[in-house]
Amino acid sequence: MLTVNAYAAPSATEPLVPITIERRDLGPKDVLIEIRYAGICHSDIHTVRGEWGEIHYPQVVGHEIVGVVAEVGSEVTLHQLGDRVGVGCMVNSCRECENCLSGDDNYCLNGNTGTYASRDKDGTVTQGGYSTHIVVVEDFVLRVPESIPYEAAAPLLCAGITTYSPLVHWNAGPGKKVAVVGMGGLGHVAVQIAHAMGAEVTVLSQTLSKQDDGLRLGADHYFATSDAATFRELRNSFDLIINTVSAVIDMDAYLKLLRLNGTFVSVGAPPEPLPVKVFSLFDNRRSFAGSGIGSIHETQEMLDFCAEHGIASEVEVIAASEINEAYERVLKSDVRYRFVIDIDTLR
Ligand code: NAP
Ligand code: ZN
Ligand code: ZN
C-alpha cells in the first residue's frame, strides 16, 4: 500500500480537508500515476454534498486527472515510465456485458467503476484525483498529447469527453445549428469542439457577461436567457441543443428552440427532475435525450481531436487549500472556465 496526501469531504456539509489515503499495491496490469493537476467538475460538488444520493465519507473526488506514469505493473504494455497520462470519470467496467463488448464501457450494464465514490472490484470505495497519486488499470489510462499543457488538458478528461460524445453521436458538423446552454466548465469546451466540427454554434448563457469569450472560443452567436426576446427570436432554430446547466431549467422554453427532428441533450445533471411537456416534443417531432461521459476509446479520440484542433480548457490554477473557495465560486457561475488544482501544493 502507498499512503498519499489528498483532500477529502468529511461529510455532506463540512468543507474539504487534508487527509491521507491508501493506494493499492500495483497489480500486474496497474499503472501508478503521479498526479500533476486535477480539475474541479461540478459533479464533484453534487457528489460530496450528497445531492445525487448518499455516499461514504471521507470521500476524495476529482475525475479530471493528468500526471506522469511513476511505476508500471509487470504485464503493462500500453504505458511507460514518464508518459503523460490522464484518467477521467471511470477506472474500470465489467468488460463482459453487451455494452462493454461493443466498446460502450461508459454504459456498462453492470455499472462502470467510477473514479470516485464507486465500489471497486476489491470492495473498497474508489477515491479520486484530489490526491498526489492514483493506481489505475492500464486500459483505463489515457495518453495526453504533448501539445496540450497538463493543466489545460485535465478538464478534457470529463468536460471534454462529456460534450464531445453527444456532439459526435448527434452529428454536429457543417450545416448543423448547435446551441450550448451554460458556458461553464463543460460549456466552454463544448463551444470549441462544436466549432471545430464545423457546426454553427450559439451560446445560451444567463447573461452576456461572457460573450467576448464565447465568440473568441468559436461561437457564432451569443444570447442571454434572462432576456425573454431570446426565446422568441430563436424559436424552431436548432438541430441540437447541448444542455450543460447544473440546475433545473424551463425545459418547455428550450425545447421550443428545436427545429424539425431536433434533439435536446442534457449532460447537465441537476439532482431534481427536468419536467417536460410532451406537447413541446410533438411540435417539430423533437427528442429529449441524455448522455453520460463517453467510452475510453472515445476519450482517447477526443484528446487527439483536441490536440489536432488546438482545443484546451481555459483554467484558473489554484492550490489545494483553495478548493472550498473554488466550490463556492463554481456555485455562483463565477469561474473562467475551470478550476484546476496544482497537485504539487498537496505534496
Ligand atoms: P459549471 O462549470 O458550474 O457550469 C454550469 C453552467 O450552467 C454555469 O456556468 C452557468 O452558465 C449555467 N448555470 C448554472 N446555474 C444555472 C441556473 N440556475 N440557471 C441557468 N443556468 C445556470 O458546471 P460543469 O462542471 O460544467 O457541469 C455542468 C453539469 O454537468 C453539472 O450538473 C455536472 O454534474 C454535469 N456533468 C454531467 C456529466 C455527464 O456525464 N452527463 C459529466 C460531467 C458533468 P452561464 O453562466 O453561462 O449561464
Ligand atoms: Zn465531471
Ligand atoms: Zn459491462
Side-chain angles (χ1 to χ4, degrees), residues 38-49 51-52 61-65 87-90 92-117 128-129 154-166 180-191 203-211 213-214 219 222-226 242-250 253-254 265-272 274 289-296 299 313-316 326-339:
I40 293 179
C41 176
H42 207 119
S43 302
D44 302 351
I45 305 176
H46 290 307
T47 300
V48 297
R49 302 205 167 169
E51 292 173 2
W52 286 344
V61 288
H63 58 201
E64 295 184 336
I65 301 168
V87 178
C89 304
M90 48 179 190
N92 219 331
S93 71
C94 85
R95 298 158 186 261
E96 51 190 39
C97 73
E98 187 183 351
N99 292 357
C100 281
L101 292 177
S102 64
D104 299 293
D105 38 22
N106 50 320
Y107 298 117
C108 174
L109 295 170
N110 294 307
N112 67 57
T113 310
T115 303
Y116 58 70
L156 299 178
L157 275 304
C158 174
I161 184 58
T162 300
T163 52
Y164 179 84
S165 184
V180 175
V181 189
M183 209 175 80
L186 266 57
H188 91 288
V189 179
V191 168
V203 175
L204 301 175
S205 181
Q206 292 168 96
T207 69
L208 295 180
S209 63
K210 297 180 267 191
Q211 181 171 25
D213 289 343
Y222 201 105
F223 289 87
T225 54
S226 52
I242 305 283
N243 171 42
T244 74
V245 176
S246 48
V248 173
I249 55 171
D250 177 359
Y254 286 89
V265 184
S266 194
V267 292
E272 306 82 14
L274 284 177
S291 185
I293 54 173
S295 69
I296 285 294
T299 305
S313 178
E314 306 223 331
V315 300
E316 293 190 46
Y327 274 23
E328 293 311 315
R329 284 187 51 198
V330 171
L331 292 172
K332 285 189 265 178
S333 304
D334 175 24
V335 48
R336 300 276 194 285
Y337 281 90
R338 197 56 134 188
F339 287 111

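Starting from 1, each residue takes its place in the sequence as its number. Atom set for the values below is all heavy atoms of this structure, side chains included, hydrogens, waters and symmetry mates excluded. Both counts, for ligands and for their atoms, begin at 1 and track the order of listing.
Atoms of ligand 1 lying under 4.0 Å from at least one heavy atom of Ser246, given by number and element, are 14 (C), 31 (C), 32 (O). Those atoms of ligand 1 that come under 4.0 Å of a heavy atom in Gly184, given as number and element, are 2 (O), 4 (O), 9 (O). Close approach to Ile293 involves these atoms of ligand 1, each under 4.0 Å from a residue heavy atom: 39 (C), 40 (O). The Cys158 neighbourhood of ligand 1 comprises atoms 42 (C), 43 (C), with distances under 4.0 Å to a heavy atom of that residue. The ligand atoms of ligand 1 that sit less than 4.0 angstrom from a heavy atom of Ser205 are 45 (P), 46 (O), 47 (O), 48 (O).
By the criterion of a heavy-atom distance under 4.0 Å, the side chain of Thr162, and not its backbone, is placed next to ligand 1. Here Ala159 has no heavy atoms under 4.0 Å from ligand 1, in either its backbone or its side chain. Contact annotation: for His46 versus ligand 1, heavy atoms closer than 4.0 Å belong to the side chain alone.
Around the Zn ion (ligand 3), protein N, O or S atoms at a distance under 2.8 Å total 4; waters are neither shown nor counted.
Side-chain N/O atoms of Tyr327 and Asp44 include no donor and acceptor closer than 3.5 Å. No donor-acceptor contact under 3.5 angstrom links the side chains of Asn112 and Ser93, judged on distance only.
Atom 25 (O) of ligand 1 has its closest protein heavy atom at Arg338 NH1, 2.6 Å. Counting protein heavy atoms only, atom 7 (O) of ligand 1 is closest to Val245 CA, 3.6 Å. With respect to atom 33 (C) of ligand 1, the closest heavy atom belonging to the protein is Ser43 OG, 3.4 Å. Atom 17 (C) of ligand 1 has as its closest protein heavy atom Gln206 OE1, 3.7 Å. Counting only heavy atoms of the protein, atom 46 (O) of ligand 1 lies nearest to Lys210 NZ, 2.7 Å. The nearest heavy-atom contact from the protein to atom 5 (C) of ligand 1 is Thr244 O, 3.7 Å.
Side chains of Glu64 and Ile40 form no contact here, defined as non-hydrogen atoms less than 4.5 Å apart. Side-chain contact between Tyr254 and Asn243 is absent, with no heavy-atom pair separated by less than 4.5 Å. Side-chain contact check for Arg336 versus Glu314: every heavy-atom pair is 4.5 Å or farther apart. Between Pro155 and Val315 the shortest side-chain heavy-atom distance falls below 4.5 Å. Side-chain atoms of Val248 and Leu274, non-hydrogen and from C-beta on, do get closer than 4.5 Å to each other. Side-chain atoms of Leu157 and Ile65, non-hydrogen and from C-beta on, never get closer than 4.5 Å to each other. Contact check for Arg338 versus Leu186: side-chain heavy atoms found under the 4.5 Å cut-off.
At a cut-off of 2.8 Å, His42 does not coordinate the Zn ion (ligand 2) through any N, O or S atom. Taking backbone and side chain together, Cys158 holds an N, O or S atom under 2.8 Å from the Zn ion (ligand 2).
At least one N or O atom of Val267, backbone or side chain, sits closer than 3.5 Å to an N or O atom of ligand 1. Checked by distance only, ligand 1 and Leu186 come closer than 3.5 Å through their nitrogen or oxygen atoms. Checked against a 3.5 angstrom limit, the closest N/O atoms of Tyr337 and ligand 1 fall outside it. Where the criterion is an N or O separation shorter than 3.5 Å, residue side chain and backbone included, Gly187 fails it with respect to ligand 1. At a 3.5 angstrom cut-off on N or O pairs, Trp52 does not count as close to ligand 1. Residue His42 has at least one nitrogen or oxygen atom sitting less than 3.5 Å from a nitrogen or oxygen atom of ligand 1, judged on distance alone.
More than 12 heavy atoms of other residues, nucleotides or ligands sit less than 6.0 Å from atom CD of Glu272.
The closest donor-acceptor contact from the side chain of Ser295 to the backbone of Asp104 lies at 3.5 Å or more, if one exists at all. With Ser205 contributing its side chain and Ala224 its backbone, the two residues share no donor-acceptor pair below 3.5 Å. Although no hydrogens or angles enter the test, the distance criterion places a donor-acceptor pair under 3.5 Å between the side chain of Arg329 and the main chain of Asp334. Side chain of Asn99 to main chain of Tyr107: a donor-acceptor pair is present (N/O by atom type, distance under 3.5 Å, no hydrogens or angles). The backbone N or O of Cys97 sits nowhere less than 3.5 Å from a side-chain atom of Asn110 that would complete a donor-acceptor pair.
Test Thr225, Val191, Asp213 against Val203 for side-chain contact (heavy atoms from CB on, under 4.5 Å) and you get one pass: Val191.
Nearest approach of Ala38 to Gly129, heavy atoms of both residues: CB-O, 3.5 Å.
The heavy atom nearest to atom 8 (C) of ligand 1, considering only Gly182, Ala247, Ser333, Gly185, is found in Ser333.
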